[in-house]
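For reference, the structure discussed in these notes is given below.
Positions are given from 1 along the sequence. We count ligands from 1, going down the list as the structure has it; atoms in each ligand are counted the same way.
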Amino acid sequence: MHAFGRFEPDERGRLCYLPAIPPFPKLDDVWGPLQRATTAVEAFDRALATFPVPDVVGKLFARLDAVHSSGAEGTTTTFTDLLDYQSSLARAKDPEDAREVAATAEAFDELSAPGETTSYAEAALRIHRRLFERAADPMVAAGAGRMKIHPNGTFDPEAPGSIFYYTAPTSTAAALAAWEAFTAEADERPELVRQALSHWLFEHIHPVPDGNGRVGRLLLPLTLRRKGALRHACAFLGEAVHLDKTLYVDALKDARRRGEFSAWVRVVCAMLAQSAASNLERLEKLGGVHARWREATQSVRAHSVVHRLVPWIITRPTFTVRDAMTFSEGAVTFQAMNTGIRRLIDLGIVTQRDGGGRDRLFTAPEVVRLFDPISLP
Ligand SMILES: Nc1ncnc2c1ncn2[C@@H]1O[C@H](COP(=O)(O)OP(=O)(O)O)[C@@H](O)[C@H]1O
Ligand SMILES: [Mg+2]
């Protein structure tokens, strides 16, 4: 029935899948999509390198990816919601949902720090720990950062008992070690193809109880950067997967059934290209916003906090006065900060989102709408 990998029974007779290392497809069979993905991702990577404000990848694009990658798995926190939650107000309609999405973004921050040298398997478990360590369910929280101890599976009418079980817990450590070796290896073959195959392998091992999709998708940009294929961790899959989860899951399954990986690699390439093209467009528009703001604030006196707020707000478009004070590290008084923000409101750069009090929430709608065109009130 199955062309690729094998099944092994666990102690209760459940047949658990043990994937083999996927073979590289013939380059001719993936060439077009691979070229398009490489071109799109490299164009985004280059544009990031010359963008006038630092850290846009982590602060904005990885956050957007966290929203989409989690959204593909059922969370409902939007980019707008995530920024609200990450302000000092920690405001959220659904705090548990927002916490999970924020944790994905924090895992990116943690693992994309320069000089990060954890093994890929360790990185996977660290992302998992971030995702679940504060879960409301104590059983879930206890498993955070650990490999699964019970078999996990998914509905599959073709499988015995209609459940397709991923790798058995007793085989997971060895399978993950093989995955790590495959992921870390480098040769003359395209790195993008290797990492597409690595993602397939990771999902079929399913090493952790839950979060395998989010963990695996986050590893992709981090790994491509670690291996020097890109300067930034900017090869994101989340948005395209969120737009068409069925396509992504069907392609994962189809490669297993046929033992043939060119269609899978083509789908990953198309998804990477799609996200990178959308992100490049956003980045270009963001550059336009930044240039307009600088022009609009030219006449403000040189020592005003306004000039420091402008680049800060580009990557932190939703904030409270408290957040702005933390950023300024005591260099300005609360009063001066208030005046600066007031000035930005007068210039139409920032709007106040809610009523009075000390903890008001401010937003630069032009920036937020680039990443979330629908949900800002
Ligand atoms: N039939 C399948 N075969 C292999 N992998 C699958 C299959 N269905 C889903 N997946 C992968 O499993 C992920 C879901 O696993 P899960 O552990 O629930 O992670 P998350 O909680 O992040 O969604 C999907 O995003 C996909 O990557
Ligand atoms: Mg899940």
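- A tilted orientation is assigned to the rings of W264 and Y248, their planes being inclined by 30° to 60°.
- The nearest heavy-atom contact from the protein to atom 6 (C) of ligand 1 is Y166 OH, 3.2 Å.
- For ligand 1, the polar-atom distance check finds an N/O of G213 within less than 3.5 Å of one of the ligand's N/O atoms.
- Heavy atoms of R256 found under 4.0 angstrom from ligand 1: none, in either backbone or side chain.
- The protein atom (non-hydrogen) at minimum distance from atom 27 (O) of ligand 1 is Y248 OH, 2.7 Å.
- Residues R258 and D254 are paired through a salt bridge, judged by an N-O separation under 4.0 Å between the basic side chain and the carboxylate.
- For R256 and F4, the positive end is not near the middle of the six-membered ring at less than 6.0 Å and at most 45° from its axis.
- In this structure, R226 is positioned above the aromatic face of Y120, its NZ or CZ under 6.0 Å from the six-membered ring centre and within 45° of the axis.
- Note: F44 and F61 meet the aromatic proximity criterion, with ring centroids under 6.0 Å apart.
- In terms of polar-atom proximity, defined here as any N/O pair under 3.5 Å, E73 does make such a contact with ligand 1.
- Counting only heavy atoms of the protein, atom 11 (C) of ligand 1 lies nearest to E203 OE1, 3.5 Å.
- The closest approach between R217 and ligand 1 falls below 4.0 Å for a heavy atom of the residue.
- For ligand 1, one of its N or O atoms has an N or O atom of G211 under 3.5 Å away.
- Scanning V241, T104, D210 for the heavy atom closest to atom 18 (O) of ligand 1 points to D210.
- If you number the atoms of ligand 1 from 1 as listed, the ones under 4.0 Å from a heavy atom of T154 come out as 1 (N).
- For a threshold of 3.5 Å applied to N or O pairs, the pair formed by R214 and ligand 1 contains at least one separation below that value.
- In the vicinity of L252, heavy-atom distances shorter than 4.0 Å reach the ligand 1 atoms 5 (N), 6 (C), 10 (N), 11 (C), 26 (C), 27 (O).
- Ion pairing between a basic and an acidic side chain is recognised when a charged N comes within 4.0 Å of a carboxylate O; E106 and R63 show no such pairing.
- At a heavy-atom distance under 4.0 Å, atoms from both the backbone and the side chain of N212 approach ligand 1.
- By the 30° and 60° cut-offs, the orientation of the rings of W179 relative to F202 is tilted.
- Assignment of D156 to the shell around ligand 1 is not supported, since no heavy atom sits closer than 4.0 Å.
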Open item on the list: Using side-chain hydrogen bond (donor to acceptor under 3.5 Å, both in side chains), reason through E73 and T75 one step at a time and then give a plain yes or no.
Closed with: CA-CA 6 Å; E73 311 299 346; T75 61; over 6 Å; no
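- Residue K253 has at least one heavy-atom neighbour below 4.0 Å for each of these atoms of ligand 1: 1 (N), 2 (C).
- Note on D210: counted as a metal contact of the Mg ion (ligand 2), an N/O/S atom lying under 2.8 Å.
- No salt bridge links D81 with R91; every basic N to acidic carboxylate O contact stays at or beyond 4.0 Å.
- For R217 and F236, the positive end is not near the middle of the six-membered ring at less than 6.0 Å and at most 45° from its axis.
- In this structure, the protein non-hydrogen atom closest to atom 3 (N) of ligand 1 is H204 NE2, 3.6 Å.
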TODO: Please report the C-alpha distance between K285 and E366 in whole Å, then the side-chain angles of each, then the deciding distance to 0.1 Å, and finally whether the side-chain contact (heavy atoms from CB on, under 4.5 Å) criterion is met.
DONE: CA-CA 10 Å; K285 290 182 180 158; E366 272 183 289; over 6 Å; no
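- Residue, atom and distance of the protein heavy atom nearest to atom 15 (O) of ligand 1 are H206 NE2, 3.1 Å.
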